[in-house]
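Please read the structure below before turning to the comments.
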Number of protein chains: 2
Amino acid sequence: MARNRRDTDTTQKREEIVAAARNSFLADGYEASGMARIAAEAGVAPNTLYWYFEDKDALLIAVLDELVGEALAEYADAQSRPLDAQLLWLLGKFDAAPGLVTTVHARLPLSPAVHAWHERFHQAVEALVSAELALRGVPEHERAPAARIAMFVVEGLLSHHAGDPSERAAIAALLTSRIAPLR
Amino acid sequence: MARNRRDTDTTQKREEIVAAARNSFLADGYEASGMARIAAEAGVAPNTLYWYFEDKDALLIAVLDELVGEALAEYADAQSRPLDAQLLWLLGKFDAAPGLVTTVHARLPLSPAVHAWHERFHQAVEALVSAELALRGVPEHERAPAARIAMFVVEGLLSHHAGDPSERAAIAALLTSRIAPLR
DNA sequence: ACCTGAACACCGTTCAAGT
DNA sequence: ACCTGAACACCGTTCAAGT
């Protein structure tokens, strides 16, 4: 609340580190992004990163939270559109980060923190999709599997770099017309 | 064809190395499997692996070829069953290797060899699924997107450790009844 | 041709020390 | 509390040398 100079300074430095990590992860991928280079880009010594973050996975989670937060903030605009348009919007939103889906899955067995984040993320998204399906008249017992199928297709398209727009459109159209036929 | 003692010896050693890598990859995952431990399990010095394989990715590809080959050989038995049963059979087949799907995707941008293997694999599988859909009366323009959706769902279930059997069944049933409704 | 011991370059992370 | 230079443990890979 009432934060003094010291607080804002460290908050700012933290954000600079996250920004550097984000740039590096999106540009070169998680694996190819060395802690040393991230630190250099943020203007600190390599080990300083460990003052602000427990390890590299914690940095990843901070970046993911930022990206998801931004997407969620923009989602209000897309929410009124038909389902397949929403799906294509989402794909476009994460086109800049094609490797992150795979990165999260790869870290899953190695990092309990990433595992927990992933669990929460899926639950949140599937709840959201289920609600959307409910609005469109999909019967209750079909909503959960349908939401998972939609999720998997989005992840699949992202981790396979998504194919050309016309292929995406065909998949989105087929999927939504069959999964939520009442529109 | 006509192979002498020397040939069978080196072929055998190669197979021992692949077997060691396979065990290690399946038990601990690709990342956690060090070349040193694989070499030790195969009874050779670490650098000997590089006489038989260009690098760790080449070892991965050898293991993948083995697994896919075995699955394909067994596929004949499953081919006559309905689509959702086939899907569940495939999931069961790769349950022992939940991390490999993610591993391949993670290596995709880092290894041209894995990238090429992945490309060939998807083309082969999607051709196979398309043919299966054609047999069941799915119109031609729907087959490619439907095959991709099915592929993504399988990959998704595998890389998310697949959920309990009842959930799998629900997803398989919903997917196939909507994607290939004529049976 | 086949295999090795020893080294190399690089990585995430830690430690002891400074302010 | 915040930050650093130097080191550590580990990794995939390479090299020079042996048979």
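Labels below follow one simple rule: chain letters A, B, ... track the order of the sequence lines, proteins then strands, and each chain is numbered from 1.
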Provide, to the nearest angstrom, the distance between the [atom1] atom belonging to [X] and the [atom2] atom belonging to [N].
{"X": "A:L110", "N": "D:dC11", "atom1": "CG", "atom2": "P", "result": "13 Å"}
{"X": "B:M35", "N": "D:dG12", "atom1": "CE", "atom2": "C1'", "result": "7 Å"}
{"X": "A:E31", "N": "D:dC11", "atom1": "CD", "atom2": "C1'", "result": "12 Å"}
{"X": "A:Q12", "N": "D:dC2", "atom1": "CD", "atom2": "C1'", "result": "15 Å"}
{"X": "B:L49", "N": "D:dT13", "atom1": "CG", "atom2": "P", "result": "10 Å"}
{"X": "A:D55", "N": "C:dT14", "atom1": "CG", "atom2": "C1'", "result": "13 Å"}
{"X": "B:E54", "N": "D:dT14", "atom1": "CD", "atom2": "C1'", "result": "13 Å"}
{"X": "B:K13", "N": "C:dT4", "atom1": "NZ", "atom2": "P", "result": "7 Å"}

_Counting only Watson-Crick pairs (N1-N3 plus N6-O4 or O6-N4) and G-U wobbles (N1-O2, O6-N3), all under 3.5 Å, who is the partner of C:dT19?_
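Partner of C:dT19: D:dA1.
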*With a 3.5 angstrom cut-off on both distances, give the Watson-Crick or G-U wobble partner of D:dT13, or none if there isn't one.*
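Looking at the geometry, D:dT13 pairs with C:dA7.
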*With a 4.0 Å cut-off, would you call A:E31 and B:R107 a salt bridge?*
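Looking at B:R107 together with A:E31, the answer is yes, because their closest N to O distance falls below 4.0 Å.
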*Between B:R143 (side chain) and B:S130 (backbone), is there a donor-acceptor pair under 3.5 Å?*
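Absent.
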For the side chain of [X], starting at C-beta, report the closest nucleotide among [options].
{"X": "B:Y52", "options": "C:dC3, D:dT13, C:dT13", "answer": "C:dC3"}
{"X": "B:T10", "options": "D:dT13, C:dC3, C:dC2", "answer": "C:dC2"}
{"X": "B:K56", "options": "C:dC3, C:dT13, D:dG12", "answer": "D:dG12"}
{"X": "B:W51", "options": "C:dT13, C:dA1, D:dT13", "answer": "C:dA1"}

*asked:* Ring-plane angle category for A:H118 and A:H105, please: parallel below 30°, perpendicular beyond 60°, tilted otherwise.
replied: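 Ring orientation of A:H118 relative to A:H105: perpendicular.
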*Mind checking whether B:H160 and A:H122 have parallel, tilted or perpendicular rings, split at 30° and 60°?*
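The arrangement is perpendicular - the two ring planes meet at more than 60°.
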*asked:* What I'd like to find out is whether the side chain of A:R136 reaches to under 4.5 Å of the side chain of A:L83, using heavy atoms alone.
replied: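 In short, these two side chains touch, coming nearer than 4.5 Å.
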